*Asks:* 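Supplied in structure tokens, the structure appears directly below.
Source: prediction; values computed, not measured. Lettering of chains follows the sequences in order, A, B, ..., and the numbering in each one begins at 1.
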Amino acid sequence: MNSKAIFTKIAAGFAERRQQLFRLFAALGALALILTAVWQIQGGYIYTRTAVAEVQRDELFGTESIEWREDFRMGLLPSGADPLAATSVAGILGFAMLPLGALLLWKRGGRGKLQTR
Amino acid sequence: MSNLTSIPAIASGRTFLFVTVLAVVAAVSGSTLFAAESSAAMRFSFATDAGKSTIKFKSSAPLEDIEGSADAITGYMNFQPANVAASAGKVETAVAEMRTGISKRDKHMISDDWLDAEAHPNIVYELKKLHSVEVKEQNGDRTVYKAVAVGSFTLHGVTKELSSPVTLTHIPESDKTRERAPGDFILVKTAFSIALADFNISGVRGMVGSKVGESIELDVSLIGSATQQ
């Protein structure tokens with residue numbers, strides 16, 4: 001198979017799956033838009049973590065103190081050392097997935113109708 | 001003649017005896033006074049290498065939970081093992097040094113919308129007295145007291161009276177403690193919460209109650225070492 005044939009096959013495959021790819025990119029775009037909107041609405045309140053708390057135990061006194069270790073963690077991403085932040089992120093992603101799911105189902109339903117015609 | 005010479009001798013003997021007794025009494029009473037004074041005036045500094053004092057704070061709100069700490073702690077406590085209720089002291093922490101692990105949030109926290117570190121650089125707690133003091137534990141190397149601390153808490157330029165349960169652990173100097181620092185140690189632990197509204201902290205509109213808790217929980221561990229006895 002020469003390169004022209006390969007290209008033709010890929011192009012044919014792309015044309016065949018154009019609608020699916022369109023849906024995928026539309027979904028990713030919608031997700032990006034939703035996350036950006038949430039980020040903007042939240043303003044400075046979805047933060048990028050710059051340090052992680054490490055608990056130090058003092059055996060003599062039986063106390064715990066916090067040492068801050070510099071650690072950059074991009075906002076909106078779960079941060080393992082901060083379970084509460086992860087919960088917030090999970091909530092935001094969950095919130096973002098609802099309209100995304102609705103969009104996908106709507107698109108799927110639309111294609112079904114088109115095919116039955 | 002011999003009688004005449006013996007009178008001054010007897011007199012000087014009695015004087016010597018009197019002076020000796022006086023010196024012994026003075027020495028004994030002096031050492032007793034000193035001992036009493038040492039037990040009465042133990043001053044502990046919280047700016048010590050003996051251990052790390054920490055104030056942890058936590059805000060719980062429906063949309064966000066924030067945990068942080070304040071480590072830049074200075075202050076002292078006058079502690080009397082014989083009269084624990086009369087203990088007094090003062091603790092300060094620098095607002096600008098408080099951390100939550102997110103530098104942008106830290107900047108917001110100390111801005112004039114919230115704690116206003118520029119106008120009110122320190123959070124201050126002044127211990128006035130202790131009541132309901134009881135010894136909870138006593139063993140060879142430490143004595144643990146439970147009590148209720150009565151003092152004043154100053155935040156954001158507002159001072160409020162505050163009562164909180166407190167645990168004091170007095171650790172006399174030993175070979176083990178000398179590895180950290182000379183002198184006795186004291187550990188002060190307390191936990192309480194404060195309402196932001198009580199200290200005129202309203203924050204950015206709509207944030208308190210949704211992303212910042214209406215009240216903040218504080219968990220305090222202070223380690224002090226004796227500076228004088």
*Asks:* If you count heavy-atom pairs under 4.5 Å between each of A/L60, A/D71, A/D58 and chain B, which one has the most?
*Replies:* A/L60
*Asks:* Please walk me through it: do B/R142 and B/E137 pass salt bridge (Lys or Arg N to Asp or Glu O under 4.0 Å)?
*Replies:* CA-CA 8 Å; B/R142 62 187 64 198; B/E137 187 188 328; over 6 Å; no
*Asks:* Checking heavy atoms, do the side chain of A/Q56, its backbone, both or neither come under 4.5 Å from chain B?
*Replies:* neither
*Asks:* Before you tell me yes or no, could you show the steps for B/V91 and B/T74 under side chain to side chain contact (heavy atoms under 4.5 Å, CB included), namely the whole-Å CA-CA distance, both residues' side-chain angles and the distance that decides it to 0.1 Å?
*Replies:* CA-CA 6 Å; B/V91 185; B/T74 55; over 6 Å; no
*Asks:* Return the option, out of B/K56, B/K189, B/R180, with the maximum number of heavy-atom pairs under 4.5 Å with chain A.
*Replies:* B/R180
*Asks:* Which bit of B/T169 comes within less than 4.5 Å of chain A, counting heavy atoms only: side chain, backbone, both or neither?
*Replies:* neither
*Asks:* What's the spacing between B/L162 CG and B/L155 CG if we round to 0.5 Å?
*Replies:* 11.0 Å
*Asks:* Quick one: what part of B/I55 sits under 4.5 Å from any heavy atom of chain A, side chain, backbone, both or neither?
*Replies:* neither
*Asks:* Taking atom types as modelled, is there a side-chain donor on B/T154 or B/T159 under 3.5 Å from an acceptor on the other?
*Replies:* yes
*Asks:* When you measure from the side chain of B/H156 to the backbone of B/F199, do you find a donor-acceptor pair of N or O atoms at a distance under 3.5 Å?
*Replies:* yes
